[in-house]
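To keep things clear, I will list the structure first and then write my remarks on it.
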Amino acid sequence: MSGVQLRKLGALWRLGVAEATAYRTSLLVWVLATTMPLISLVLWRALARGGPIGDYDQAGFDSYFIAAFVVRQLSVSWVVWDLDGQIRTGALSALLMRPVHPVAHHVMINLAALPLRTALAAPVAIAVLLVTGGMSITTNPVALALAIPALVLAWCLNFLTQLAIGCLAFWLTKAAALYDVWIGAYVVLAGYLVPTSLFPAGLAEVARVLPFHAALGFPVELLIGRLSSAQALAGIGLQLVWLVVIGGIAALAWRRGLRAYGAFGA
Amino acid sequence: MSAGFEHGAARRHLRLLGAQLRLSTLAALEYRVGFWTEGVVGLAWSLGGVVPLVVAFEHRSDVAGWGPWELVLLTGFFLIISGVYAAVVQPAVSRSMTQIRTGTLDYLLLRPVDPLASCLTAQFEPWSLIETLTGIVVVIVATAKLGLSPSVGQLGALAVVLVCGLLSLVALGVLMLSASFKAMELQNLTSLMETLLGFAHWPVSVFRGPLKLVFTFVVPFAVMTSYPAQSLIGGLGWAELLGAVGTTLALTVGARVIWGRALRGYTSASS
């Protein structure tokens, strides 16, 4: 990458940080609105009072849901709403004129909010850690090393899914509403409300190969040491498969969509 | 204040309500895709929230003393509450927040009705009532399945807690709206409320300690879903009933007072 290109990305990063800082209260409410895993923690901890549920005891649920909260905070993006609005209002035209690819613009804006978001979420996570008495993190060096790529891939999966659905705004007026359908499935199937390994037999196996689980449940289980090295590698492989599939769909939708966008002269 | 004036004011408020309902319904019929995007998706969302309950019963025979069909009954009441939230509270609050942000609330304040009434009727999303209707069916089916034959007293208690639950829900909406006068970036408070509503899926007896107090007296999800179900099953005592009424009164009056203060701080679009 040339120095000029890097400077442009740097400028976008600063723009993203400035935006996130300006809307910090809003960001904090978003952090609080994604505390669903902590709600689940309270519930499952209460249910496990009388003994473990499946292979999770109280401490197991603590670790799982704290990790789920952290992974959710680190893998979040909102390009679907931005893109939906930009396409509908025509603001995308201005982005297309800029010397940076619009997708690169969105990547930088979304990434730039992560440090502040982490800073806002950290006190919540620390408070829960103190109240529950801590969590267990994997001691397997292979799993620990793979946790970072797993997190990066989870972020990419979320971003590309949103990009693909956001591109539907080139043809539909309510693309962002379609994302609600996706997130509804995500909440149930990703292991956001309950670890997928506790699902009834049959449903569990299906849920664990879907992209929802790859974007949340897998990195969480990896982080808290519930996966062997072989399972961890297989999980990364599955993430890569979904990355290629969803990335391909997003690329196709973007290219076709731009043509449609130009055609109706926005 | 004469009786005639009172009468006129009541009529004006009713006419406002009628007009807003008609407009929203017409708009909803215009955008029939809302049947899917608001009605069916909202219902699917709420039913998705039941999955953890199903998983819990995979591993346990009861959840905090509640059997499977008793929780179905509770889920019915959850659907009713959640549908009302999505159809009435959330759209009105979101719309009014936008008007506060853009300054068009000015026009609303000029109307010869109570500003809060104007805000709370600002918009409806009738398609979301599909969820409420489903909830009513679920309640009836569960009541039949449990073989309950509620007495008049029990039905009375049910009516009281249902009204309390709905009033508290609206009061919470008014509090969110009042908060948005302070900082216009609090638009996403309604999403936070949606997340919190997830707690209402569960009987309040699951919770212990401070959370139980919060869900009984501060954000009274217990009044919204657990108590109605308990009133039919027959486990709702006088103490709980009085607690529900007291909490609702405090919340409603508090919301009204805080709203009044927040409105005085409104500086219109020009500043």
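All values below come from the heavy atoms of this structure, side chains included, with hydrogens, waters and symmetry mates left out. Protein chains get the first letters and strands the later ones, always in sequence-line order, with residue 1 at the start of each.
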- Main-chain N/O of B/Ala262 paired to B/Ser178 side chain as donor or acceptor, under 3.5 Å: no

- chain B heavy atoms under 4.5 Å from A/Ile183: which part of the residue, side chain, backbone, both or neither? both

- Task: Among A/Ile53, A/Val42, A/Leu178, single out the residue with the greatest number of heavy-atom pairs under 4.5 Å to chain B.
- Result: A/Ile53

- Query: Just by distance, do the side chain of B/Ser180 and the backbone of B/Met97 share a donor-acceptor pair under 3.5 Å?
  - Reply: no

- Query: Where on A/Pro195 is there a heavy atom nearer than 4.5 Å to chain B: the side chain, the backbone, both, or neither?
  - Reply: neither

- Between B/Glu194, B/Arg60, B/Glu58, B/Met193, which residue shows the highest count of heavy-atom pairs closer than 4.5 Å to chain A? B/Arg60

- Best-contacting candidate, B/Val41, B/Val54, B/Val63, B/Val55, against chain A by heavy atom pairs under 4.5 angstrom: B/Val55

- Item | Toward chain B, the part of A/Trp44 with a non-hydrogen atom under 4.5 Å | side chain

- Query: Any donor-acceptor pair under 3.5 Å linking the side chain of A/Gln162 with the backbone of A/Val79?
  - Reply: yes

- Query: For the residue pair B/Pro52 and B/Gly48, what are the closest heavy atoms and their distance?
  - Reply: CD-O, 3.8 Å

- Task: Select one option (side chain, backbone, both, neither) describing which atoms of B/Val51 are under 4.5 Å from chain A's heavy atoms.
- Result: side chain

- Hey, does the side chain of A/Asn158 reach the backbone of A/Ser75 with a donor-acceptor pair shorter than 3.5 angstrom? yes

- Message: Tell me which of these, A/Leu203, A/Val188, A/Leu43, has more heavy-atom pairs under 4.5 Å with chain B than the rest.
- Response: A/Leu43

- Item | chain B interface, residue from A/Arg49, A/Arg45, A/Met36 that has the most non-hydrogen pairs under 4.5 Å | A/Arg49

- Message: Looking only at the aromatic ring of each residue, does the gap between the centers of A/Trp81 and A/Tyr179 stay below 6.0 angstrom?
- Response: yes

- Message: Suppose we call two aromatic rings close when their centres sit under 6.0 Å apart. Are A/Phe212 and A/Trp182 close by that rule?
- Response: yes

- Message: Counting heavy-atom pairs closer than 4.5 Å to chain B, which one of A/Val181, A/Leu28, A/Leu47 comes out on top?
- Response: A/Leu47

- Message: Using modelled atom types and a 3.5 Å cut-off, is there a donor and acceptor pairing between side-chain atoms of A/Trp30 and backbone atoms of A/Arg117?
- Response: no

- Side chain, backbone, both or neither: which part of B/Ala56 has an atom under 4.5 Å from a heavy atom of chain A? both

